[in-house]
Amino acid sequence: MIANVLSSRMEIINQRRLQNNSNQTIHPKVIELLARRGLNENQMKDFFSWDLKQLPDLTNIKDIDKSAKRIIQAIENKEKIAIYGDYDVDGTTSCALLYFFFKYFGIEVDLIQPSRFIEGYGIHPPAVEKASSQGVKLLITVDCGITNSQAADRANELGVDLIITDHHHDALPEMPKAFAIVNPNRRDESQDSELKYLAGVGVAFALAIQVKKIWDRTHTPIKSLYELLPFVAIGTVCDLAKLTPMNLKLVRHGLKQIPSTPYCGLKAFFTPEELRSPISSEKLSFHIGPLINSKGRLDHPEKSLKLLIARDPQIAYEHFSHLDVCNNERKFIQNEVFFEAKKQVLSFLNAKTVCLIVYEPHWHEGVIGIVASKLVEEFKMPAIVFCNSETEGVIKASARAAGEMNLFEVLNSQKNLFIKFGGHKAAAGLSMIKENLELFKRNMHVEIQKIPYIMRTKIQSSDLDIEFSDINPNLLQSLNQLEPFGMGNPKPLFRTKKAYIKSFDLLKEKHVRWSFSSTNSLATFKGISFNWVNKWNTMPAEDAYKSSQVESSIDIYYTLGINRFNGNEYIQLMVEDIQSSLN
């Protein structure tokens with residue numbers, strides 16, 4: 001069904017892609033990797049598939065038909081429509097997607113995003129009142145709204161039809177009394193539905209599909225929605241939505257579309273050389289996502305949205321340059337906060353510590369989520385980072401999980417301490433009275449201790465042991481077939497045992513460049529470790545080198561990549577850890 005809604009030419013693209021996959025000889029180590037991840041032969045075929053006909057019905061969500069009919073009514077009656085989106089990359093891409101979708105009908109919709117520091121997360125009554133005063137009759141949220149009952153009540157009072165599209169958990173005692181709620185994670189949806197893994201932008205895309213289906217039956221059909229998939233890809237990967245077979249297909253086609261996208265705002269993120277090559281998910285995760293998020297983290301997200309909807313390349317470039325400057329400022333602030341947070345952790349860290357809860361009043365609210373993630377990465381346990389809010393006596397926090405624990409459920413057990421709270425399994429945000437902080441720390445210690453250790457820690461374990469002799473261009477090509485990487489489909493981490501460090505160099509006093517060989521292979525590979533120096537609980541480079549001289553007694557944990565420089569390229573090990581084989 002979805003393939004028909006997107007475009008008939010998709011059948012040709014799918015056939016070619018599937019044929020290419022069948023002709024591609026997958027490296028045996030990649031087959032072994034997928035088997036270790038629990039995939040059987042049929043699941044592997046689904047994993048590698050690009051066939052949009054194999055997607056579940058994305059419109060099988062409660063209230064989506066009601067919402068689509070109301071949107072068509074608004075289009076036919078020329079009512080004023082506004083889109084209200086969250087300030088992060090998922091909300092921003094959702095706004096852009098619906099903005100261009102309504103362009104298919106020749107409609108210019110209003111776009112509204114809140115400030116993290118003024119309105120805060122979600123939609124609130126003042127935003128509804130302002131929209132109503134400007135003549136908005138239909139207000140559609142994207143990536144937010146499921147916890148905003150007051151806004152829904154105010155919309156009803158003002159005669160504004162509020163359609164909530166969201167993907168966050170429905171955790172309040174009652175759902176908002178909105179005109180419609182399109183959310184695969186609302187309480188009365190099937191818990192077995194694969195649609196619950198859609199990002200906010202995926203839900204917005206599903207709504208667009210339903211509108212098109214109904215519209216095309218009774219009006220002149222609008223064009224394919226296929227060109228909107230890059231927004232789905234960016235929002236899905238950067239919001240850490242689980243990469244199920246459904247999301248893998250959506251993201252793959254989104255990445256495929258980027259080089260030929262008609263939207264100059266998207267092209268601004270890429271060099272001409274990058275647009276001539278396949279786009280990787282890492283480009284989205286480590287470049288595009290942080291750039292889009294940077295404005296929302298430091299002030300207001302409008303520049304990011306203006307970039308995505310820009311129709312003039314020069315204007316798009318100006319917005320991109322602004323984001324680039326803002327992102328560099330964000331990195332500087334983030335590094336300062338992380339340095340202080342890490343110092344605070346080291347002051348109390350001991351064998352009984354199960355959760356890292358840190359607070360400083362002056363920390364910048366816009367970066368505490370990233371800092372929490374970096375603490376999890378370095379210390380391998382859950383982290384919650386607090387700072388002061390704009391309200392006297394109230395503090396805010398971003399929380400990140402480690403391992404497979406359900407952070408949302410743990411925090412939900414403490415919701416009586418919170419003023420606001422929301423999130424999902426791996427990440428959450430909250431605010432509370434500062435006086436509750438010490439009680440919160442004690443309670444979290446008790447609750448997290450109940451969770452098995454293996455579920456609440458980030459254990460350094462490889463996906464697969466390989467030898468240097470296994471590494472060749474075919475392995476790299478096969479790994480590319482696993483794209484996109486992200487939540488639920490991490491980039492494979494390999495281990496090579498009993499390796500040997502031939503040499504190493506320090507770069508900028510914090511990175512390490514390695515040269516490796518092993519007793520089981522004549523091959524030599526270069527490697528790189530970023531921010532290795534002074535990383536907690538990591539073997540110093542000199543110690544690793546000395547240890548490797550003793551019967552090649554180190555194990556290397558790494559992902560694989562390609563280093564391209566001055567027209568040359570070579571396989572490079574992206575080294576995450578080095579451990580003694582003698583342990």
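Side-chain atoms are counted along with the backbone in the values below, which use heavy atoms only and exclude waters and symmetry mates. Please read these numbers as outputs of a predicted model, since none were measured by experiment.
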Do Glu108 and Lys103 meet the salt-bridge criterion of a basic N to acidic O distance under 4.0 Å? yes
Is Ser398 reaching over with its side chain to a backbone N or O of Gly429, donor-acceptor style, under 3.5 angstrom? no
Donor-acceptor pair, side chain of Asp239 and main chain of Gly200, under 3.5 angstrom: no
So, are Lys396 and Glu390 salt-bridged, with charged N and O less than 4.0 Å apart? yes
Regarding Thr92 and Gln113, do their side chains bring together a donor and an acceptor under 3.5 Å, going by distance alone? yes
Look at the rings of Tyr87 and Tyr121 and say which category their plane angle falls in: under 30° parallel, 30 to 60° tilted, over 60° perpendicular. perpendicular
Distance under 6.0 Å and angle within 45° of the ring axis: does Arg252 meet both against Phe47? yes
Do the side-chain N and O atoms of Tyr84 and Asp110 include a donor-acceptor pair separated by under 3.5 angstrom? no
To the nearest 0.5 angstrom, please state how far the CD1 atom of Ile61 sits from the CG atom of Leu195. 5.0 Å
Any sub-3.5 Å donor-acceptor pair from Lys380's side-chain atoms to Glu377's backbone N or O? yes
Is it the case that the side chain of Asn148 and the backbone of His124 share a donor-acceptor pair, with hydrogens and angles ignored and the cut-off at 3.5 Å? no
Could you tell me whether Lys283 and Glu274 make a salt bridge, using a distance below 4.0 angstrom between a side-chain N and a carboxylate O? yes
Please check if the side chain of Lys491 supplies one atom and the backbone of Leu560 the other of a donor-acceptor pair under 3.5 Å. yes
Are a donor atom and an acceptor atom from the side chains of Trp514 and Ser529 found within less than 3.5 Å of each other? yes
Separation between CD1 (Ile571) and NZ (Lys526), nearest 0.5 Å, reads 13.5 Å
Does the separation of the ring centres of Phe530 and His511 fall below 6.0 angstrom? yes
Is it true that atom CD of Gln150 has more than 12 heavy atoms of other residues, nucleotides or ligands lying nearer than 6.0 Å? no
Sub-3.5 Å donor-acceptor pair from the side chain of Asn183 to the main-chain atoms of His168, do we have one? yes
In terms of the angle between their ring planes, are Phe269 and His287 parallel, tilted or perpendicular, with boundaries placed at 30° and 60°? perpendicular
Only one of Phe102, Tyr104, Phe105 passes ring pair (Phe, Tyr, Trp, His ring centres under 6.0 Å) with Trp215, and that residue is Phe105
One should read off an interatomic distance between Phe320 CZ and Cys264 SG, to the nearest 0.5 angstrom, of 13.0 Å
Test side chain to side chain contact (heavy atoms under 4.5 Å, CB included), reference Cys238, set Thr93, Leu284, Ile292, Asp90, output is Leu284
Check step by step if side chain to side chain donor-acceptor pair (under 3.5 Å) holds for His167 and Asp143. CA-CA 6 Å; His167 70 124; Asp143 191 36; 3.0 Å; yes
Taking the basic N atoms (NZ, or NE/NH1/NH2) and the acidic carboxylate oxygens, is any pair closer than 4.0 Å for Glu119 and Lys130? no
Measure up the Phe408 and His169 rings against each other and bin them: parallel (under 30°), tilted (30 to 60°), perpendicular (over 60°). tilted
For Lys306, the option from Glu318, His319, Lys295 that meets side chain to side chain contact (heavy atoms under 4.5 Å, CB included): His319
Report yes if some heavy atom in the side chain of Val376 is under 4.5 Å from a heavy atom in the side chain of Met381; otherwise report no. no
